[in-house]
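Quick one: this structure, given as structure tokens, is what I'll be asking you about.
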Amino acid sequence: MSTPAETSDVHIHLRARAQDRALIDRAAELTGSNRSQFILEASLRDARSVLADQTGILASQQEFNSILAWMDGRPTDQERDGMIRLAEAGMPRG
């Protein structure tokens, strides 16, 4: 039984050339999925990649100044502990 979060609630429609559909169908079959599952998974993978590659941050001048002040400030105890954990995790063991 699926939960509400697992249930699809919108439809996405697209038009494609016959040869593109055939290519997608062949690839979907090889992965053991149907056309819709294959297209959705490939689209989500690409969407995540595009969003992860974004390097720009939109901020107002006030937000930007707050970020700069935070970066220039002394780290909190929690931030310092986190930096130590990160440094230790990156150290080779042996």
Side-chain angles (χ1 to χ4, degrees):
M1 185 172 168
S2 63
T3 64
E6 296 170 341
T7 304
S8 299
D9 59 351
V10 297
H11 293 273
I12 301 173
H13 301 278
L14 61 95
R15 297 181 61 84
R17 298 177 305 173
Q19 63 263 31
D20 294 338
R21 178 180 165 171
L23 178 67
I24 291 167
D25 286 348
R26 284 178 41 214
E29 185 178 340
L30 287 173
T31 62
S33 60
N34 65 39
R35 181 185 313 128
S36 293
Q37 292 167 330
F38 184 83
I39 291 171
L40 181 59
E41 184 56 39
S43 297
L44 290 171
R45 186 173 44 250
D46 280 358
R48 288 183 190 107
S49 176
V50 166
L51 293 174
D53 287 343
Q54 297 301 305
T55 57
I57 298 173
L58 297 177
S60 69
Q61 187 64 48
Q62 181 180 359
E63 291 168 327
F64 183 71
N65 290 339
S66 294
I67 293 168
L68 289 180
W70 171 75
M71 291 173 66
D72 288 338
R74 296 179 56 83
T76 65
D77 290 342
Q78 185 178 10
E79 291 167 340
R80 189 173 19 267
D81 292 345
M83 288 185 273
I84 291 169
R85 284 194 308 274
L86 284 172
E88 289 172 348
M91 293 178 143
R93 303 193 190 272

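No experiment lies behind these values; they were computed from the predicted model shown.
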Check side-chain contact (heavy atoms from CB on, under 4.5 Å) between E29 and all other residues, then give those that pass, not counting sequence neighbours.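 Listed in chain order: nothing, the list is empty.
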
Can you name the residues that form a side-chain hydrogen bond (donor to acceptor under 3.5 Å, both in side chains) with R17, not counting sequence neighbours?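 side-chain hydrogen bond (donor to acceptor under 3.5 Å, both in side chains) list for R17, sorted by chain: D20.
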
Suppose the criterion is side-chain hydrogen bond (donor to acceptor under 3.5 Å, both in side chains): which pairs have a residue in residues 39-51, not counting sequence neighbours?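 Applying side-chain hydrogen bond (donor to acceptor under 3.5 Å, both in side chains) to every pair that reaches into residues 39-51, excluding sequence neighbours, yields nothing.
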
In chain order, what residues pass the side-chain contact (heavy atoms from CB on, under 4.5 Å) check against L51, with sequence neighbours excluded?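 Not a single residue meets the side-chain contact (heavy atoms from CB on, under 4.5 Å) criterion with L51.
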
Residues two or more places apart in sequence or in another chain: which of them pass side-chain hydrogen bond (donor to acceptor under 3.5 Å, both in side chains) with D53?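 In terms of side-chain hydrogen bond (donor to acceptor under 3.5 Å, both in side chains), with neighbours along the sequence ignored, D53 is linked to no residue.
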
Mind checking side-chain contact (heavy atoms from CB on, under 4.5 Å) for T55 and listing every partner two or more places apart, or none if nothing turns up?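 Scan of T55 (side-chain contact (heavy atoms from CB on, under 4.5 Å), adjacent residues dropped) gives none.
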
Counting neighbours of CD on Q19 that are heavy atoms of other residues, nucleotides or ligands and sit closer than 6.0 Å, is the number greater than 12?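 Counting other residues, nucleotides and ligands, CD of Q19 exceeds 12 neighbours.
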
I84: partners by side-chain contact (heavy atoms from CB on, under 4.5 Å), with sequence neighbours left out: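 I84 satisfies side-chain contact (heavy atoms from CB on, under 4.5 Å) with R80, E88 once adjacent residues are dropped.
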
Non-neighbouring partners of T31 that pass side-chain hydrogen bond (donor to acceptor under 3.5 Å, both in side chains), sequence neighbours left out: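 Only S33 meet the side-chain hydrogen bond (donor to acceptor under 3.5 Å, both in side chains) criterion with T31.
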
CD1 of I12: more than 12 outside heavy atoms within 6.0 angstrom?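 No, the 6.0 Å shell around CD1 holds no more than 12 heavy atoms from other groups.
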
Pick from R26, R35, R15: which one makes a side-chain contact (heavy atoms from CB on, under 4.5 Å) with R21?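 Of all the options given, the one that passes is R35.
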
How does the hydrophobic cluster around I24 look, that is, which other residues are in it when side-chain heavy atoms under 4.5 Å mark a link?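 Members besides I24, by chain and number: L14, F38, I39.
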
ILVMFWY clustering at 4.5 Å (side-chain atoms), partners of L40: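 Besides L40, the cluster holds L44.
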
My understanding is that a hydrophobic cluster links ILVMFWY residues whose side chain heavy atoms are under 4.5 Å apart, including indirect links. Using that, what else belongs to the cluster containing L86?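 Its cluster partners, ordered by chain and number, are none at all.
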
Quick one: list whatever passes side-chain hydrogen bond (donor to acceptor under 3.5 Å, both in side chains) with D81, sequence neighbours left out.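 Partners of D81 under the side-chain hydrogen bond (donor to acceptor under 3.5 Å, both in side chains) test: none.
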
